[in-house]
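Worksheet for the structure shown next.
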Amino acid sequence: MASLADKFGRQISYLRISVIDRCNLNCFYCMPVASGCRRIMGDELNLDEIIRIVRAAAVCGISKIRLTGGEPLLRPDLVRIVKNISAIPGITDISLTTNGLLLPKLARPLAVAGLNRVNISLDSLQSEVFRRITRGGELEDAIAGLQAAYEAGLTPVKINAVLLKGINDGEVADFARLTLERDIHVRFIEFMPISGDSHNWKKHYQPIDTAIKLCAQVAPLIEADSPANGGPARYFRLKGGKGKLGFISPLSRHFCSQCNRLRVTAQGKLRACLFSQEEIDLRPLLGQEVEVIRAFSQALTAKPDPTRLDSDPLVRCQPNSFGMVSIGG
Ligand code: SAM
Ligand code: SF4
């Protein structure tokens, strides 16, 4: 089996595929504008196209697939997508990033189909704050999704919380305490100005070190190993805690030198880097696997030099007019 490595020695083993760019929430940091943001671009990759892409990726040595969106649970054929991916030789790990709202119905069928784990985005443990961030979502629906994931064995369940100054930074300790009793991973992520909303970014961006200090006030932090699937977070445990705390700092301390991933957008555009607009349209190539494989190699050349990224986040993030919802996080 081939392997994908770029000229900076980064070995690519992980592909994030956005399966949809619509969502049933409307998080202000993700969607560019307040109204009408439950975007319907449509024209998403179909099941067959997704499977062709994953087969080619597997030939290139990619073993881990993460499905994302938009909200991937809105795809009526998501269980079939997972089932088909899990049958592809070489794919050893399938995970999902979701807001969790539809997990009470879908967690078990997805687990049976071959899904290994979920990351659930949950930015507040307070109903009012959750509603404000998601522009109308209900916290209890997300909590029910979390419970369903846990019960379906989609573990370790990871909670992703975007750290937002003046909105949820007062809840960092509450999030950290969730890891005391359960083997849950809570990961704090820096807010990136991807949607081009520099006003909100300047107002609410908080470097991740703030969250580390707040967690350390709950109990001493003990360094922990990264989970086997790797990833960009630095992990700790609270002393005596069962779960883990992860800190993801794409801006204040970027992890580009360890980046092991490529991304495919919902319309089948292959992207080498979250901070770059360069993309290759895979759709016209899907008839010939060898062409798709070539595109993966070509994409690697677009992965930027990790030492030369712009230090200004507003420049580095090159605002995307569709926001993170179109790239998949
Ligand atoms: N709807 C799913 C969810 O929310 O988990 C999957 C798609 S969402 C785009 C994927 C991840 O991107 C989420 O964890 C979300 O918090 C994160 N995200 C979106 N916009 C972001 C931003 N501006 N900065 C940092 N993370 C962001
Ligand atoms: Fe939807 Fe996820 Fe973006 Fe929130 S972060 S709007 S749940 S895609």
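Order of listing sets the numbers, starting from 1, for every ligand and every atom in it.
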(message) Between Glu291 and Arg294 (salt bridge meaning N to carboxylate O under 4.0 Å), is one present in this structure?
(response) yes
(message) Is the distance between the ring centroids of Phe236 and Phe247 under 6.0 Å?
(response) yes
(message) Using a plain distance cutoff, I'd like to know if Asp123 has any nitrogen or oxygen under 3.5 Å from a nitrogen or oxygen of ligand 1.
(response) no
(request) May I ask you to check if any N/O/S atom from Cys30 comes under 2.8 Å of atom 4 (Fe) of ligand 2? (result) no
(request) Would you mind listing which atoms of ligand 1 come within a distance below 4.0 Å of any non-hydrogen atom of Glu190? (result) 24 (N), 25 (C)
(message) Tell me whether Arg283 is salt-bridged to Asp281, with the criterion being a basic N under 4.0 Å from an acidic carboxylate O.
(response) no
(message) Which residue is it: Asn46, Leu282, Leu286, Leu47? I am looking for the one with a side-chain contact (heavy atoms from CB on, under 4.5 Å) to Arg52.
(response) Leu286
(request) Provide the number and element of each atom of ligand 1 under 4.0 Å from a heavy atom of Met192. (result) 22 (C), 23 (N), 24 (N), 25 (C)
(message) At under 4.0 Å between heavy atoms, is it the side chain or the backbone of Thr97 that contacts ligand 1, or both, or neither?
(response) both
(request) Number the atoms of ligand 1 from 1 as they appear, then name those within less than 4.0 Å of a heavy atom of Asn160, with their elements. (result) 14 (O)
(message) Could you tell me if the side chain of Phe28 sits less than 4.5 Å from the side chain of Asn200, heavy atoms only?
(response) yes
(message) Within the 4.0 Å heavy-atom shell around Asn99, which atoms of ligand 2 are there?
(response) 7 (S)
(request) Report yes or no: is the cationic atom of Lys244 (NZ for Lys, CZ for Arg) under 6.0 Å from the centre of the six-membered ring of Tyr235, at an angle within 45° of the ring normal? (result) yes
(request) Salt-bridge test for Lys213 and Asp209: reply yes if a basic N is under 4.0 Å from a carboxylate O, no otherwise. (result) no
(request) Ignoring hydrogens, just give me the one of Phe28, Phe191, Tyr205, Tyr29 whose non-hydrogen atom is nearest atom 17 (C) of ligand 1. (result) Tyr29
(message) Which of the numbered atoms in ligand 1 are under 4.0 angstrom from any heavy atom belonging to Thr68?
(response) 6 (C), 7 (C)
(request) Give a yes or no on whether a salt bridge exists between Asp174 and Arg177, defined as a side-chain N under 4.0 angstrom from a carboxylate O. (result) yes
(message) Check this for me, if you would: do Arg22 and Glu44 make a salt bridge, where the nitrogen-to-carboxylate-oxygen distance has to be below 4.0 angstrom?
(response) yes
(request) Output the list of atoms in ligand 1 that are nearer than 4.0 Å to some heavy atom of Glu71, sorted by atom number. (result) 1 (N), 2 (C)
(message) Closer than 4.0 Å to some heavy atom of Asn99 - which atoms of ligand 1 meet that?
(response) 2 (C), 3 (C), 5 (O)
(message) Regarding ligand 1, does Thr98 bring an N or O atom to under 3.5 Å of one of the ligand's N or O atoms?
(response) yes
(message) If we set the cut-off at 4.0 Å for heavy atoms, which region of Ile120 has an atom near ligand 1: side chain, backbone, both, or neither?
(response) neither
(request) Please could you name the atoms of ligand 1 that Gly70 approaches to less than 4.0 Å, counting only its heavy atoms? (result) 1 (N), 2 (C), 6 (C), 7 (C)
(message) Just checking: Cys23, one of its N/O/S atoms, less than 2.8 Å away from atom 1 (Fe) of ligand 2, yes or no?
(response) yes
(request) Provide the number and element of each atom of ligand 2 under 4.0 Å from a heavy atom of Gly70. (result) 8 (S)
(request) With the side chain counted from C-beta on, respond yes when Arg182 and Lys242 share a heavy-atom pair under 4.5 Å apart, and no when they do not. (result) no
(request) Determine, for Arg55 against Glu289, whether the closest basic-nitrogen to carboxylate-oxygen distance falls under 4.0 angstrom. (result) no
(message) Between Arg237 and Asp183 (salt bridge meaning N to carboxylate O under 4.0 Å), is one present in this structure?
(response) no
(message) Less than 4.0 Å is my threshold; does some heavy atom of Gly69 fall inside it relative to ligand 2?
(response) no
(request) Please confirm whether Asn119 comes within less than 3.5 Å of ligand 1 when only nitrogen or oxygen atoms on both sides are compared. (result) no
(message) Quick test of your reading of the structure: of Asn200, Val19, Val162, Leu25, whose heavy atom lies closest to atom 26 (N) of ligand 1?
(response) Val162
